[in-house]
Amino acid sequence: MSVRTRVAPSPTGDPHVGTAYVALFNYAFARQHGGQILLRIEDTDRVRSSDTSETAILEALRWTGLDWDEGPDVGGPHGPYRQSERIDLYREHADTLLRTGAAFRCFCTQERLDALRRDQQARGETPRYDGHCLALDPAEASERAARGEAHVVRLDVPGTGTCRFNDGLRGEIEIPWAQTDMQVLVKSDGFPTYHLAVVVDDHLMEISHVLRGEEWISSMPKHRLLYDRFGWEMPAHYHLPLLRNPDSSKLSKRRNPTGLDYYRRSGYLPEALLNYLALMGWSMPDEQEVFSLAEMIEAFDIERVSTGGPVFDFAKLDWMNGQHIRRLSPDEFMDRVGVWAINRTALAPLVPLVQQRTERLSDLVAQVDYLLGDRRPLASEDFDHKRLEPGDCKRILDHATRRLDDLHDWNRDTLHDSFRALAEAMGIGMRDFLAPLFIAISGRAVSLPLFDAMAYLGRDLVRARLRSALEALGGVSKKETKRLERSYREL
RNA sequence: GUCCCCUUCGUCUAGAGGCCUAGGACUCCGGGUUUUCAUCCCGGCAACAGGGGUUCGACUCCCCUAGGGGACGCCA
């Protein structure tokens, strides 16, 4: 049987470094075995999925240097590769489950479900659907459904016994069925949930090996049950460890840059990033640390993947990047600088900002240094201001960060509007409000227009600078975080 | 709270019962090369979570405890 793996991102946000991490292992594994890798877009969340996100993810993944044999952009024999275009397939399979009694229609209201969950949690139980609608007569249920009554389709999960399954890295794992919820398979909007879609697609797309994040282990019983109910053979599953913050929690954008865009813009070479990610959980048999993708494929062995959650270490990433940069020939080096930012496309947005402020061409570099490179390191004195206390600055930086995380369209005007509204809500004049932000973003009190600069830098770089500014102000304690959270909510 | 997973230097890891006086890399600290800096080279600090077993012998196997993480959504 030929090896087929897949990478299946959900287009609900910015391209994540974790996606590249999992994609890398899927890629190396498939290529190592002379198999194929495909890319599938998991856009079954109608509310959160967006085309913008999908485009950005594909582009970011391409930037890393990985590619795929089948996907929404390249086509292939198992398409479509976008789940939103496969709805009929899921409906058909849900019907099969309904017909065989493996699943049932559920008409319970959100209120009932919420109350149920509350009670169970109060009693210290794992929240789980109580099977209320299981008692419904299937014929009657489908009649109600046919009349258009809102409902979902749930998986019928046994209440007792144990589910056994195998994880390629950990061996056999047992989870009591009582821990597994009667998962919603089809939402009331007719779209499938992840669990139904992933099983149907992995089977139909002939995936032989699933390499995915560790957070899916607890969903294995649902998937195992679905494969069994469909009478399908289950692919081999390997759950990769999760990338961690320095405090060992799951890598999160609030604490670390998680966007691939951050790494690209900060001047990391994609091959260095990939090399570093490879080291997060895998090592060469001879412990060679600096290597190319081709060398990795050559030597890759899934058995050598370790299970402990690796902490993402920027110091080592920097060293790794330096290793790759120094190995470039002078010609390659010049080319890479060009590809990075010294090209017409990347520079074009800066022209309207700098041209009218320029008398000599040599003025240019000093004006854009913080846009092309890092801004200087900050100290708390940098935020001294005649009308703002350090506490005010913290509040502004914190609230700005929160507001930005909720901002969907990232451009000069939306940034302006959302900050104006925020300043007003906080009762601070726009001029004062912007002062700490200028420092945080540019490192200077006077610089190019703030919103243009932020638009140019992009989400990830801006988030990182705001966080580092907050740290320069002494950081935010747990207690302060709580207070700031409340203060933001009350705006 | 319940269930599951994980546990070697600060960090990433090697180690698949004797090769371990536990090796490498990053960071840090010394020293050398270099007009400065960086690179490069040399050296140093630093770990098998704890407790029971199994065995002639445990970092390696088993159990318990502790710690960390994840899951518990009509999100993926």
Side-chain angles (χ1 to χ4, degrees), chain A residues 8-13 16 18-19 40-49 83 106-110 113-114 117 120-129 150-154 162-163 165 167 169-171 173-198 212-222 239-251 275-290 303-323 325-327:
Chain A
S10 175
T12 51
H16 197 279
T19 306
R40 182 173 71 221
I41 295 294
E42 311 230 317
D43 57 347
T44 53
D45 185 333
R46 298 316 291 151
V47 181
R48 282 189 272 205
S49 297
Q83 291 187 326
C106 169
F107 299 86
C108 289
T109 61
Q110 200 55 57
L113 264 17
D114 289 344
R117 208 184 331 264
Q120 288 170 326
Q121 261 160 353
R123 270 179 278 139
E125 294 168 17
T126 298
R128 188 177 193 270
Y129 182 67
H151 71 288
V152 300
V153 174
R154 283 181 187 275
T162 302
C163 176
F165 57 90
D167 175 273
L169 300 178
R170 286 158 257 258
I173 295 174
E174 299 186 356
I175 296 178
W177 283 116
Q179 287 296 319
T180 304
D181 199 6
M182 296 194 199
Q183 181 62 48
V184 169
L185 261 20
V186 181
K187 305 179 234 184
S188 52
D189 66 359
F191 272 66
T193 55
Y194 171 82
H195 304 283
L196 207 218
V198 78
R212 73 216 309 186
E214 196 179 3
E215 75 260 41
W216 293 111
I217 290 180
S218 48
S219 295
M220 278 297 277
K222 296 164 190 173
H239 291 93
L240 304 172
L242 261 23
L243 263 21
R244 310 286 187 94
N245 294 315
D247 71 350
S248 89
S249 56
K250 175 166 141 178
L251 194 70
N275 188 167
Y276 179 71
L277 289 175
L279 255 24
M280 302 269 85
W282 182 75
S283 60
M284 285 271 194
D286 65 355
E287 297 195 67
Q288 180 189 342
E289 298 208 295
V290 183
E303 301 291 328
R304 285 186 65 84
V305 173
S306 52
T307 44
V311 171
F312 200 100
D313 179 8
F314 284 84
K316 187 147 184 181
L317 206 216
D318 284 346
W319 168 81
M320 178 64 78
N321 203 51
Q323 292 298 312
I325 284 187
R326 281 170 214 128
R327 281 163 162 74

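In what follows, chains are A, B, ... by sequence order, proteins preceding strands, each numbered from 1. Just so it is clear, the structure is predicted and the values come from calculations on it, not from any experiment.
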With the criterion being N/O to N/O and under 3.5 Å, what pairs connect the protein with nucleotides 69-75 of chain B, and how long is each?
| from | atom 1 | to | atom 2 | distance (Å) |
| --- | --- | --- | --- | --- |
| B/G69 | O2' | A/R244 | NH2 | 3.4 |
| B/G70 | OP1 | A/K250 | N | 3.2 |
| B/A71 | OP1 | A/K250 | NZ | 3.3 |
| B/A71 | O4' | A/S218 | OG | 3.2 |
| B/A71 | O2' | A/S218 | OG | 2.8 |
| B/C72 | O2' | A/P127 | O | 3.3 |
| B/G73 | OP2 | A/R117 | NH1 | 3.1 |
| B/G73 | N2 | A/R48 | NH2 | 3.0 |
| B/C74 | O2 | A/S188 | N | 2.7 |
| B/C74 | O2 | A/S188 | OG | 2.8 |
| B/C74 | N3 | A/S188 | OG | 3.1 |
| B/C75 | OP2 | A/K187 | NZ | 2.7 |
| B/C75 | O4' | A/R48 | NH2 | 2.9 |
| B/C75 | O2' | A/D45 | OD2 | 3.0 |

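- No contact: A/G322 has no heavy atom under 4.0 Å from any strand.
- When the nucleotides B/C4, B/U13, B/A76 are ranked by their closest atom to the side chain of A/P310, B/U13 comes out on top.
- As rounded to the nearest Å, B/C5 and B/C63 have P atoms that lie 11 Å from one another.
- Side-chain proximity of A/E287 to the nucleotides B/G24, B/U39, B/C4 is greatest for B/G24.
- Residues that satisfy the side-chain contact (heavy atoms from CB on, under 4.5 Å) test with A/Q288, not counting sequence neighbours, are A/M284, A/D286, A/F291, A/E295.
- Residue contacts shown for A/R46 are absent, as no nucleic acid heavy atom lies under 4.0 Å away.
- As rounded to the nearest Å, B/G15 and B/A71 have C1' atoms that lie 32 Å from one another.
- Both distances falling under 3.5 Å, in either a Watson-Crick or a G-U wobble arrangement, place B/A66 opposite B/U7.
- When heavy atoms are screened at a 4.0 angstrom cut-off, A/E289 is found touching base atoms of the nucleic acid.
- Donor-acceptor pairing under 3.5 Å is lacking for the side chains of A/T307 and A/R170.
- Taking the C1' atom of each, B/G51 and B/C74 are spaced 47 Å apart, rounded to whole Å.
- One C1' atom belongs to B/A14, the other to B/C26, and the distance between them is 15 Å to the nearest Å.
- Separation of the C1' atoms belonging to B/G32 and B/C9 is 26 Å when rounded to the nearest angstrom.
- Remark: A/R212 pairs with A/Y194, A/H223, A/H239 by the side chain to side chain donor-acceptor pair (under 3.5 Å) rule, at least two apart or across chains.
- Nucleotides B/G50 and B/U8 have their P atoms positioned 11 Å apart, rounded to a whole Å.
- Nucleotides B/U60 and B/C20 are separated by 11 Å at their C1' atoms, to the nearest Å.
- Separating the C1' atom of B/G52 from that of B/U13 is a span of 29 Å, rounded to the nearest Å.
- Here A/R123 lies out of heavy-atom contact (under 4.0 Å) with every strand.
- Using a 4.5 Å heavy-atom threshold, the side chains of A/C163 and A/M220 count as separate.
- Taking atom OH of A/Y276 as the reference point, atom P of B/U11 lies 12 Å away to the nearest angstrom.
- Residue contacts shown for A/Q120 are absent, as no nucleic acid heavy atom lies under 4.0 Å away.
- Not one side-chain nitrogen or oxygen of A/S306 sits closer than 4.0 Å to the OP1 or OP2 atom of B/C12.
- When only modelled atom types and interatomic distance are considered, A/R117 and A/Q121 share no side-chain donor-acceptor pair under 3.5 Å.
- Looking only at atom types and distance, the side chain of A/T126 has a donor-acceptor partner in the side chain of A/Q179 under 3.5 Å away.
- A salt bridge does not link A/K250 with A/E214: every distance from a Lys NZ or Arg NE/NH1/NH2 to an Asp or Glu carboxylate oxygen is 4.0 Å or more.
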